[in-house]
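The structure presented is a predicted model; accordingly, all values stated were derived computationally and were not measured.
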Amino acid sequence: MAKRRGVSYKKRVEEVNRIYDREAKRGVPNREIWRRHIYPVYGISERTFYNLLNASAEKKNKIADDDDIRQLLLFNDDDYEQ
């Protein structure tokens, strides 16, 4: 049975990969990226860090065009007068 991944997981995957891409361009080693930038914020193990990097290659983990996010954007604060 396949695991269901929520929006928060997908968001974490994108954020970790954004940080990784930024630091990898500067030439920082993977363990340093995890130790200085990922672990203090997300509190995940190094193995989980590598799993999140691997998960980014899967199309199902993209949230930009997800219906879940789009549904949240249907309502405006102006629609509700108090």
Practice item. Kindly check if the number of other-residue, nucleotide or ligand heavy atoms within 6.0 Å of CZ (Arg36) is above 12? Key: no
In Asn30, Leu52, Ile38, the residue satisfying side chain to side chain contact (heavy atoms under 4.5 Å, CB included) with Tyr20 is Asn30
The reported gap from CD in Glu23 to CZ in Arg18 (rounded to nearest 0.5 angstrom) is 10.5 Å
Please step through side-chain hydrogen bond (donor to acceptor under 3.5 Å, both in side chains) for the pair Glu15 and Tyr42, ending with a clear verdict.
CA-CA 10 Å; Glu15 290 173 356; Tyr42 298 101; 2.7 Å; yes
For Ile33 and Ala24, the nearest pair of non-hydrogen atoms, with its separation, is CD1-N, 3.9 Å
Between Trp34 and Pro40, the two heavy atoms sitting closest are O-CD, 4.1 Å
What one should report as the nearest heavy-atom pair of Arg31 and Tyr50 is N-OH, 4.4 Å
Practice prompt. Check the pair Glu14, Lys11 against salt bridge (Lys or Arg N to Asp or Glu O under 4.0 Å), reporting the backbone distance first and the verdict last.
Written response: CA-CA 5 Å; Glu14 283 193 3; Lys11 185 174 182 249; over 6 Å; no
